[in-house]
Asker: 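Dropping the structure in here first, questions after.
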Amino acid sequence: MIFDQAESEMFMLAMDLRKRFPGLNLVTEIGDIVRPSRVKDVISRHDTGMVFHAAAYKHVPLMEDHITEAIENNIIGLTTSPGPRTGTA
């Protein structure tokens, strides 16, 4: 399953994965990691054994100018993710 708020990037990734792996059972879900109710809803509808929070912002110099968004996505988003808090992907 791919869970993302950016539909264009998710669409392109899903197309690429389906092309490379024709038999792949892939589900796409639109949503935002900072909305716990949406995350719970999606997780409860799919047999999700593991979650990677790969949506974390990685460009520190850019995010220093957008600190509220960085905190919301990277910190609050991580605490919204289900399962152990051992790090991000």
Side-chain angles (χ1 to χ4, degrees):
M1 175 181 50
I2 302 172
F3 179 82
D4 200 342
Q5 53 82 27
E7 78 282 359
S8 294
E9 289 82 0
M10 182 170 62
F11 177 77
M12 297 304 292
L13 176 59
M15 280 186 38
D16 183 50
L17 288 171
R18 287 180 176 129
K19 181 179 179 182
R20 291 177 188 225
F21 307 98
L24 182 64
N25 181 17
L26 180 63
V27 174
T28 56
E29 292 279 356
I30 295 289
D32 198 320
I33 194 75
V34 300
R35 291 184 45 224
S37 61
R38 178 66 178 143
V39 174
K40 279 184 172 182
D41 174 57
V42 169
I43 296 295
S44 70
R45 288 188 288 113
H46 301 284
D47 184 21
T48 306
M50 189 177 300
V51 175
F52 295 94
H53 180 39
Y57 291 124
K58 296 154 188 74
H59 302 286
V60 174
L62 176 64
M63 297 319 298
E64 285 175 338
D65 293 333
H66 305 280
I67 195 71
T68 302
E69 288 76 13
I71 290 170
E72 187 175 75
N73 188 69
N74 289 14
I75 297 172
I76 296 171
L78 181 61
T79 61
T80 300
S81 300
R85 308 294 188 256
T86 57
T88 61

Asker: Would you please name every residue forming a side-chain contact (heavy atoms from CB on, under 4.5 Å) with Met12, sequence neighbours left out?
Answerer: none
Asker: How many angstroms lie between atom CG of Asn74 and atom CD1 of Ile33, to the nearest 0.5 angstrom?
Answerer: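 Going from the CG atom of Asn74 to the CD1 atom of Ile33 covers 11.0 Å.
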Asker: For Glu29, which residues count as a side-chain hydrogen bond (donor to acceptor under 3.5 Å, both in side chains) partner, sequence neighbours excluded?
Answerer: Arg38, Arg45, His46
Asker: List the residues meeting salt bridge (Lys or Arg N to Asp or Glu O under 4.0 Å) with Glu72, not counting sequence neighbours, and say none if there are none.
Answerer: none
Asker: Output every pair passing side-chain hydrogen bond (donor to acceptor under 3.5 Å, both in side chains) with a member in residues 61-71, not counting sequence neighbours, ordered by first then second residue.
Answerer: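 Counting only pairs at least two positions apart or across chains, no side-chain hydrogen bond (donor to acceptor under 3.5 Å, both in side chains) contact touches residues 61-71.
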Asker: Hey, quick one: are Val34 and Val42 part of the same hydrophobic cluster, counting side-chain heavy atoms closer than 4.5 Å, chains of contacts allowed?
Answerer: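 Hydrophobic grouping puts Val34 with Val42.
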Asker: What donor-acceptor contacts under 3.5 angstrom involve side-chain atoms of residues 15-26, with partners at least two apart or in another chain?
Answerer:
residue : atom : partner : partner atom : Å
Asp16   : OD1  : Arg20   : NE           : 3.1
Asp16   : OD2  : Arg20   : NE           : 3.1
Arg18   : NH2  : Leu26   : O            : 3.1

Asker: Before giving the answer on side-chain contact (heavy atoms from CB on, under 4.5 Å), spell out for Phe3 and Val39 the whole-Å C-alpha distance, their side-chain angles and the decisive distance to 0.1 Å.
Answerer: CA-CA 9 Å; Phe3 179 82; Val39 174; 4.1 Å; yes
Asker: With hydrophobic residues grouped by side-chain heavy-atom distances under 4.5 Å, do Met1 and Met10 end up in a single group?
Answerer: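 They do not share one cluster, since no chain of ILVMFWY contacts under 4.5 Å joins Met1 to Met10.
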